[in-house]
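Just so we're clear, the structure is a prediction, and the values are computed from it rather than from any experiment. Within every chain, numbering begins at 1; the chains are lettered A, B, ... in the order of the sequence lines, protein sequences first and strands thereafter.
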Number of protein chains: 2
Amino acid sequence: MAKQAVITPQADDFPAWYQDVVARAELAEGGPARGTMVIRPWGYAIWELMQAEMDRRIKATGVQNAYFPLFIPMSFLEKEKEHVEGFSPELAVVTHGGGEQLAEPLVVRPTSETVVNHLFAKWIQSHRDLPLLLNQWANVVRWELRPRVFLRTTEFLWQEGHTAHATYDEAQAEALQMLEVYRAFMEDVLGVAVVTGEKSARERFAGADRTYTTEALMRDGKALQMGTSHNLGHNFARAFDIQYLDSAGVRRHVATTSWGTSTRMLGGVIMSHGDDHGLRLPPAIAPHQVVLLPLSEGDAATATRKLAEELSGTGVRAHVDDRGHLSFGRRSIDWELKGVPVRVELGEREVDAGVATVVRRDTREKVQVPIDGAARAARDLLDVIQRGLHAESLAFRESRTTPVTDFADFKERIGGGGLFLAGWDGTDETEAAIADGTGATIRCIVDAPPFPRVETDLVTGGPAKHTVLIARAY
Amino acid sequence: MAKQAVITPQADDFPAWYQDVVARAELAEGGPARGTMVIRPWGYAIWELMQAEMDRRIKATGVQNAYFPLFIPMSFLEKEKEHVEGFSPELAVVTHGGGEQLAEPLVVRPTSETVVNHLFAKWIQSHRDLPLLLNQWANVVRWELRPRVFLRTTEFLWQEGHTAHATYDEAQAEALQMLEVYRAFMEDVLGVAVVTGEKSARERFAGADRTYTTEALMRDGKALQMGTSHNLGHNFARAFDIQYLDSAGVRRHVATTSWGTSTRMLGGVIMSHGDDHGLRLPPAIAPHQVVLLPLSEGDAATATRKLAEELSGTGVRAHVDDRGHLSFGRRSIDWELKGVPVRVELGEREVDAGVATVVRRDTREKVQVPIDGAARAARDLLDVIQRGLHAESLAFRESRTTPVTDFADFKERIGGGGLFLAGWDGTDETEAAIADGTGATIRCIVDAPPFPRVETDLVTGGPAKHTVLIARAY
């Protein structure tokens with residue numbers, strides 16, 4: 001078998017492993033313009049399943065979808081001072097349209113706060129117009145000098161929610177509600193254990209009062225920010241003059257939020273679950289949940305198709321791979337690379353014996369079961385695998401989360417990866433000291449269970465204001 | 001009632017009527033950058049339903065979704081001569097990225113043939129890789145000097161299919177198959193009667209061998225191109241060197257197709273079905289199929305909620321509008337404007353009498369039915385309305401399709417709108433003569449039933465090569 005040659009082992013070179021999986025599983029590749037990405041059918045089918053379930057959960061909170069323009073006048077970005085400072089270095093700018101130079105350059109949206117809040121000002125007049133809860137699925141562009149497929153690309157796909165509320169407290173509650181929607185989605189659907197918490201001022205979204213994040217630990221020990229939720233307070237409402245008449249007839253500024261998740265989550269799934277044989281997909285987002293492989297034509301093929309129909313009939317996404325020009329081994333490796341949770345293999349001998357081989361992708365265990373019960377066995381495994389991948393992700397994170405109180409000790413250990421639980425006095429100076437020479441950052445503040453409170457600042461040894469998680473990150 | 005003031009009557013000023021419906025039904029509005037469009041929640045919810053059903057039908061033909069980059073190097077467009085000539089005047093160009101001037105400007109995709117075919121060349125090696133059938137849902141940009149929401153906007157949303165085949169004949173069959181998918185979707189789902197046929201050389205897609213179109217007649221007598229399907233022959237395969245080894249080991253160029261439909265279809269729905277009271281939505285794409293309006297709190301509200309649950313339980317998209325701060329009349333007009341197919345109205349008196357009022361949006365008929373049977377009555381109306389709107393659209397087109405053989409007669413009548421069935425000798429000269437001074441164009445060639453063959457050319461009176469439909473168009 002040529003299997004060993006297919007992908008670089010994780011332990012040898014994790015970034016090479018990642019690139020190999022993305023290429024060999026036919027998930028995506030770089031586009032011709034620098035930093036852009038082509039999402040291939042298998043990768044896009046995974047994204048569609050993620051999108052459908054995320055969309056359902058967002059709508060269940062009362063949010064409606066809408067669509068805002070790709071092009072934003074440059075002057076709009078300049079209305080919120082921190083926002084334009086944060087995004088300026090990443091902008092793609094359209095200077096020519098329809099054969100002529102434009103009077104005002106247009107920015108290709110890096111995010112849509114400015115254009116959305118411009119429209120909020122038109123749409124919102126009265127307290128009866130609030131809350132206004134919108135979301136859009138769109139592409140955005142942030143110029144990227146060191147692109148990596150799914151993780152950092154000049155163009156990516158995402159959803160961005162934008163809401164307006166009568167009070168600051170309601171905006172705060174919305175930001176936290178969407179953070180929880182993200183956490184539950186990532187854990188229950190993607191099977192990725194995430195920590196939620198607030199970002200430090202330094203890591204905040206440009207223009208936000210408070211930024212909350214979901215952070216996961218990848219199998220190489222680096223953290224990945226999977227999605228963020230922002231309480232924008234009155235910042236954009238003031239910049240775009242979004243006011244409403246309250247029930248007493250008083251004009252007030254609204255408070256707004258925004259929150260987003262992107263195709264980056266696909267990178268998180270790959271690096272959370274993948275192994276040296278390729279991708280491992282949680283069944284909830286597997287385009288094929290069960291692939292059935294007949295070893296030959298004839299009775300085996302007939303029995304396979306019957307099993308596939310039985311599975312489809314119970315709502316399982318089942319696929320028969322009877323590509324005659326590929327060897328059985330090649331087909332098998334193909335689906336292993338692509339991460340299909342369960343394979344059912346059937347040969348003539350097995351049909352004669354009345355059994356089928358059921359293979360789990362997560363553990364690579366093979367069991368023989370009676371053909372009669374094979375569909376049921378495959379289906380039952382889907383739940384087991386979905387929960388199992390999450391449990392593995394959680395156990396991995398817990399085993400790689402280390403409390404530290406000694407700064408020298410931390411600096412020695414940070415190279416080995418993982419999350420470090422530490423105390424922080426809340427100052428810029430200590431935050432900068434942590435990053436200096438280590439490449440690590442405060443990923444989030446975790447002043448709540450299950451994390452124990454750490455009393456002393458990691459850098460100074462003085463009293464800590466917060467307990468934080470520190471890591472090197474993507 | 002303020003109803004008369006809400007929208008301009010169609011007969012007074014059709015373009016003003018269109019703008020009023022788009023605004024008052026809260027479908028969309030112009031964005032801050034010239035020619036761009038904001039799709040509001042009601043408009044976007046309609047688009048999502050259209051998208052889901054179109055996606056299902058496209059996938060049913062074996063096509064897979066993928067995603068290609070927004071930015072295309074300018075040099076790519078220049079590889080296919082006709083293509084770049086056709087699209088150059090409409091391009092938006094990114095000249096700066098990440099704070100620096102780019103070495104090569106990037107085009108914001110006006111369509112994706114060039115980048116897709118570039119990747120086809122990488123992915124296609126053998127006849128076993130064919131056919132390759134892909135589709136993407138994306139935004140595209142074509143600079144627009146006279147924008148009109150949904151009909152002509154600088155940015156719009158669409159699906160674009162791209163396929164590669166071993167032979168020219170297979171590409172031809174694919175182009176025709178997708179044309180039929182479009183026709184069936186437009187008639188069965190949108191309720192819009194469409195004519196299908198080939199475009200003349202002059203109206204062909206830039207770079208295509210053959211372009212097929214679906215044309216509908218709007219209520220003002222102007223035609224609207226609703227979607228197109230192209231056999232690109234070997235043009236792009238040669239420009240991008242897409243070759244495969246056939247089963248005999250011979251290298252051959254593939255043949256490709258592309259086909260697209262867009263948010264423009266929403267404009268077609270508005271102008272096909274709308275009346276002086278607003279939008280009329282076919283139930284298949286109505287975000288709320290039935291809106292239930294309780295006239296008061298108490299028993300009426302309870303009975304309304306029970307009816308809504310009964311409807312939801314049978315798969316109907318039902319919505320209760322109990323906004324207390326709006327009068328019953330205002331709520332009623334609101335849903336009429338927004339085109340909801342069926343309203344169910346319930347007041348105390350009616351609850352006491354055990355009846356509900358069921359109102360059809362298409363005919364505006366009101367009937368009183370026993371509350372017990374109200375859900376059933378509302379549900380049954382959905383099919384009636386879906387078929388009824390299509391029948392109306394078809395009857396309208398048939399009544400406004402006029403055979404013409406005398407050119408002077410045609411020129412006199414074209415101002416009144418409608419489709420004109422005529423003979424054409426197939427030359428550029430007569431095609432130009434038809435357009436000259438009339439603003440009308442050959443919409444498509446219809447050399448097949450149900451259209452009778454016309455034997456003489458409209459302009460010259462000489463022998464006709466084709467029978468065509470001529471109209472002024474959007």
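Interface check for chain B: of the options A:Thr153, A:Leu70, A:Leu91, the most heavy-atom pairs under 4.5 Å are formed by A:Leu70. Comparing A:Lys59, A:Arg34, A:Glu26 by how many heavy-atom pairs each has under 4.5 Å with chain B, the most go to A:Lys59. Listed options B:Met37, B:Arg128, B:Glu90 were ranked by heavy-atom pairs under 4.5 angstrom with chain A; first place goes to B:Arg128. Most heavy-atom pairs under 4.5 Å with chain B, from the set A:Gly43, A:Gly31, A:Ala33, A:Gly97: that is A:Gly97. Between chain B and the residues A:Pro89, A:Gly35, A:Pro32, the largest count of heavy-atom pairs under 4.5 Å involves A:Pro32. When B:Ile72, B:Thr154, B:Asn139, B:Leu106 are compared by the number of non-hydrogen pairs under 4.5 Å with chain A, B:Asn139 comes out ahead. Options A:His325, A:Gln64, A:Lys122, A:Glu100 differ in how many heavy-atom pairs under 4.5 Å they form with chain B, and the most are formed by A:His325. Put simply, of B:Val94, B:Thr95, B:Asn65, the one with the most heavy-atom pairs under 4.5 Å next to chain A is B:Asn65. Between chain A and the options B:Gly99, B:Ala92, B:Pro41, B:Pro73, the largest number of non-hydrogen pairs under 4.5 Å is found for B:Pro41.
For the 3.5 Å distance criterion, the side chains of A:Glu104 and A:Ser75 qualify, holding a donor opposite an acceptor. Checking A:Ser112 against A:Gln136 by side-chain atom types alone, a donor-acceptor pair falls below 3.5 Å. Judged by distance alone, the side chains of A:Thr257 and A:Glu174 never bring a donor and an acceptor atom under 3.5 Å apart. Side chains of B:Glu160 and B:His162: a donor on one and an acceptor on the other come within 3.5 Å.
Interface residue A:Glu48: only side-chain heavy atoms are found under 4.5 Å from chain B. Contacts of B:Glu29 with chain A are made by side-chain atoms alone, with heavy-atom separations under 4.5 Å and no backbone atom involved. Within the 4.5 angstrom heavy-atom criterion, no atom of A:Leu145 approaches chain B. When heavy atoms are compared at a cutoff of 4.5 Å, A:Leu134 approaches chain B solely by way of its side chain, counted from C-beta outward. For B:Val115, the part sitting under 4.5 Å from any heavy atom of chain A is the side chain, from C-beta outward, and nothing else. When heavy atoms are compared at a cutoff of 4.5 Å, A:Glu144 does not approach chain B at all. Interface remark: B:Leu102 contributes side-chain atoms only to the contact with chain A (heavy atom separation under 4.5 Å). Of the atoms belonging to A:Val141, it is side-chain heavy atoms, and not backbone ones, that fall under 4.5 Å from chain B.
A:Trp335 and A:Trp42 have their aromatic ring centers within a separation under 6.0 angstrom.
The only option from A:Trp123, A:Phe76, A:Phe236 that meets the ring pair (Phe, Tyr, Trp, His ring centres under 6.0 Å) definition with A:His118 turns out to be A:Phe76.
Here the side chains of A:Lys79 and A:Phe240 are in contact, with some heavy-atom distance below 4.5 Å. With contacts defined as side-chain heavy-atom distances shorter than 4.5 Å, the pair A:Asp129/A:Tyr244 does not qualify.
Using a 4.0 Å cut-off between a side-chain N of Lys or Arg and a carboxylate O of Asp or Glu, B:Glu155 and B:Arg142 do not qualify as a salt bridge. Using a 4.0 Å cut-off between charged side-chain N and carboxylate O, A:Arg323 and A:Asp334 make a salt bridge.
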